[in-house]
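Notes to accompany the following structure.
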Amino acid sequence: MNSILQHDLNNFENILEKTKQQGIDFLNNIENIPTSNTYSIDPKTVLNELGLGSIEALKEFNERLAPLIVSSPGPRYWGFVTGGSTPASIVGDWLASVYDQNTQSVTSQGGNSALIEFETINLLLQLLELPDSFLGGFVTGATMSNFTSLGVARQWFGKQSGKDFAKNGVSEPINILTATPHSSSIKCLSLLGIGSQNYTVVKTIEGNREALDIGDLEEKIKALNGKPFILISSAGTVNTADFDDFEAIATLKEKYNFWWHIDGAFGGFAAVSEKYKHYVKGWEGADSITIDCHKWLNVPYESAFYLIKKEHINLQIETFQNSNAPYLGNALENFNYLNVLPENSRRLRALPVWFSLKAYGKEGFRDLIEDSTALALHFGNALIENDFELLAPIRLNNVCFTLKGEHNQEKVSQFLSALNDTGKVFMTPTVYQNKKGIRASFVNWRTTEDDVKVVIEEMREVLSKI
């Protein structure tokens, strides 16, 4: 064995102890760590010939690279839709690294850790009150969940005319209807050979809404003259957390032939709350659903899962099967995740989620979701009392706002840049209905009213200087 590796093996416990302590120090101080910084490095360093060993590498990391780290898991990182990492999820994530499983099989001599994934999906279906008619699996994020789901939808579309797109390629235009899709769905259309511009936009409901207009949707369906299509709908749009009318879509599905996909990356968790579950009423009729875990479930990146109706398993296998690997056996008889999703190599991503669900239960996540939405409303009220205005109603956990007054539109970018530079909070820019805006997303389990107070005071200070 290499001498440096041997030394690390002999010193393994000390290495892990130092790493654990560094993690604890970061987490205990997370409220004081900046949410943004301008620190930079020259990444063109020289590879050491002999190697430093883990302890010395950790020292160099702390000296050179650690200053790049921001408190994205912290209570005032409101950009994008970014959760933190609960204690239980970190336990699961650390153990996933220690156990280092390639999670694929449920009936194999080489390891059956996929049974943990099966159990975790079952727990998630209970959390979201969805039927066990769905089969699910874990992927890196909403992009790959959308990709997996829409990949099977693409295969379904081809089969409507007796074609196998997975084997022979996409040989005809695929009809896609959508109103306010997330950018990751559009990226998936590009990756799947459908084309990032080859979709038909459905009108949204009038009155400051991002949800699709059911009347216009049906008109566009009729214009297809009976041709099949794929519908991409939203359970929580990224700007305003708006939801499509799933009950109405389910009614349309009884009349027309289409694949129904729901992007519920964060909004799907509305199902956990009695206050907000009406938003997703009827979503069990979908063919596929995308859900992120590293958002509102508050587990470490990368973690998301797809749900696809079990009735489509043959299409899923046709899309993703490793058909040139005879040692895999019959894909239906010997279930293996590498035959139903994109990745052949995959860590035990289910474990942080399993620990989270077991540790906090349905009530814990119900409290988290309802606390987040209450904080969003609290922040929105504080904005209105100051020199800001809401661009849209606060439906769930996202607050879309701007500086008050048309004359201040030119200052929005300057204001947000200066605010983020303080390192006290991080929010993301957006454009909504042709207005420059700012979006704050409340999903982190650590965030409290005190954080809202700190941010509002910081916003006042920054605004007074521009």
Could you verify whether a donor N or O on one side chain and an acceptor N or O on the other, from [X] and [Y], lie under 3.5 Å apart?
X    : Y    : value
H312 : D287 : yes
N2   : Q6   : no
T237 : E210 : yes
D132 : N122 : no
N397 : S372 : no
S190 : S196 : no

| Can you say whether the rings of W296 and F269 are parallel (under 30°), tilted (30 to 60°) or perpendicular (over 60°)? | perpendicular
| Using 30° and 60° as the class limits, which term best fits the ring planes of F138 and F305: parallel, tilted or perpendicular? |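 Answer is tilted, since the angle falls between 30° and 60°.
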| task | Applying side chain to side chain donor-acceptor pair (under 3.5 Å), run through N208 and Y432 and close with a yes or a no. | result | CA-CA 10 Å; N208 203 353; Y432 181 69; 2.5 Å; yes
| field | ring pair (Phe, Tyr, Trp, His ring centres under 6.0 Å): pairs with one or both residues in residues 171-196, sequence neighbours excluded | value | none
| message | Test: ring pair (Phe, Tyr, Trp, His ring centres under 6.0 Å). Region: residues 103-132. Which pairs qualify, not counting sequence neighbours? | response | F118-F335, F118-Y337
Around [X], counting heavy atoms of other residues, nucleotides and ligands shown, do more than 12 lie under 6.0 Å from its [atom1]?
X    : atom1 : value
E13  : CD    : no
E363 : CD    : no
K18  : NZ    : no
Q197 : CD    : no
F12  : CZ    : no

To the nearest 0.5 Å, tell me how far [X] [atom1] sits from [Y] [atom2].
X    : Y    : atom1 : atom2 : value
I232 : D244 : CD1   : CG    : 11.0 Å
K295 : S303 : NZ    : OG    : 10.5 Å
I55  : E60  : CD1   : CD    : 14.0 Å
S233 : I289 : OG    : CD1   : 9.0 Å
L5   : N10  : CG    : CG    : 11.0 Å
D263 : T143 : CG    : OG1   : 9.0 Å

| Pick one: which of S85, P352, S356 meets side-chain contact (heavy atoms from CB on, under 4.5 Å) with I90? |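 Testing I90 for a side-chain contact (heavy atoms from CB on, under 4.5 Å) against S85, P352, S356 leaves exactly one candidate, S85.
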| With R347, which of D100, D93, T103 fulfils side-chain contact (heavy atoms from CB on, under 4.5 Å)? | D93
| request: Show your reasoning for whether side-chain contact (heavy atoms from CB on, under 4.5 Å) applies to I249 and D245. | output: CA-CA 6 Å; I249 293 172; D245 186 339; 5.6 Å; no
| task | Begin from the C-alpha positions of R209 and T240 and carry the test side chain to side chain donor-acceptor pair (under 3.5 Å) through to its verdict. | result | CA-CA 8 Å; R209 296 292 303 277; T240 69; over 6 Å; no
Would you say the side chain of [Y] lies within less than 4.5 Å of the side chain of [X], judging by non-hydrogen atoms?
X    : Y    : value
I438 : T428 : no
L307 : L135 : no
T178 : I230 : no
P73  : F26  : yes
V399 : R439 : no
Q22  : F61  : yes
W94  : K20  : yes
L189 : N198 : no

Any idea which heavy atoms bring [X] and [Y] closest together, and the distance?
X    : Y    : answer
D8   : S54  : OD2-OG, 2.6 Å
T82  : S72  : CG2-O, 3.7 Å
T148 : P342 : OG1-CD, 3.3 Å
A57  : L52  : N-CB, 4.1 Å

| By ring-ring contact (aromatic ring centres under 6.0 Å, His included) - contacts of Y279 (at least two apart) | F243
| task | Using ring-ring contact (aromatic ring centres under 6.0 Å, His included) as the criterion, list what pairs up with W260, not counting sequence neighbours. | result |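 Scan of W260 (ring-ring contact (aromatic ring centres under 6.0 Å, His included), adjacent residues dropped) gives F246.
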| request: Decide yes or no on side-chain contact (heavy atoms from CB on, under 4.5 Å) for V340 and Q321, but give the supporting numbers first. | output: CA-CA 6 Å; V340 296; Q321 183 178 15; over 6 Å; no
| task | Report the C-alpha separation of E117 and R346 in whole Å, then their side-chain angles, then the decisive distance to 0.1 Å, and conclude whether the salt bridge (Lys or Arg N to Asp or Glu O under 4.0 Å) test is met. | result | CA-CA 12 Å; E117 190 157 339; R346 50 200 306 272; 2.6 Å; yes
| Y39 side chain to R64 backbone, donor-acceptor under 3.5 Å |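 The answer is yes, because a donor-acceptor pair under 3.5 Å joins these two groups.
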| task | Go through the steps for N398 and N239 under the test side chain to side chain donor-acceptor pair (under 3.5 Å), then give the verdict. | result | CA-CA 7 Å; N398 280 1; N239 266 335; over 6 Å; no
| request: Any chance you could lay out the side-chain contact (heavy atoms from CB on, under 4.5 Å) test for I116 and Y99, step after step, and finish with the verdict? | output: CA-CA 13 Å; I116 298 172; Y99 294 144; over 6 Å; no
| Are W259 and F157 close enough that their ring centers fall under 6.0 Å? | no
| message | For W78 and N444: C-alpha separation, side-chain torsions, deciding distance, then whether side-chain contact (heavy atoms from CB on, under 4.5 Å) applies. | response | CA-CA 8 Å; W78 300 349; N444 190 292; over 6 Å; no
salt_bridge([X], [Y]) N-O dist < 4.0 Å:
X    : Y    : answer
R366 : E274 : no
E343 : R349 : yes
D242 : R395 : yes

| field | side chain to side chain donor-acceptor pair (under 3.5 Å) evaluation trace for T319 with Q155 | value | CA-CA 7 Å; T319 304; Q155 185 71 352; 4.5 Å; no
| field | All side chain to side chain donor-acceptor pair (under 3.5 Å) counterparts of E129, not counting sequence neighbours | value | K277, K362
| task | Write out all pairs satisfying salt bridge (Lys or Arg N to Asp or Glu O under 4.0 Å) with one or both partners inside residues 307-322, taking only residues at least two apart or from two chains. | result |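 Residue pairs passing salt bridge (Lys or Arg N to Asp or Glu O under 4.0 Å), neighbours aside: K159-E318.
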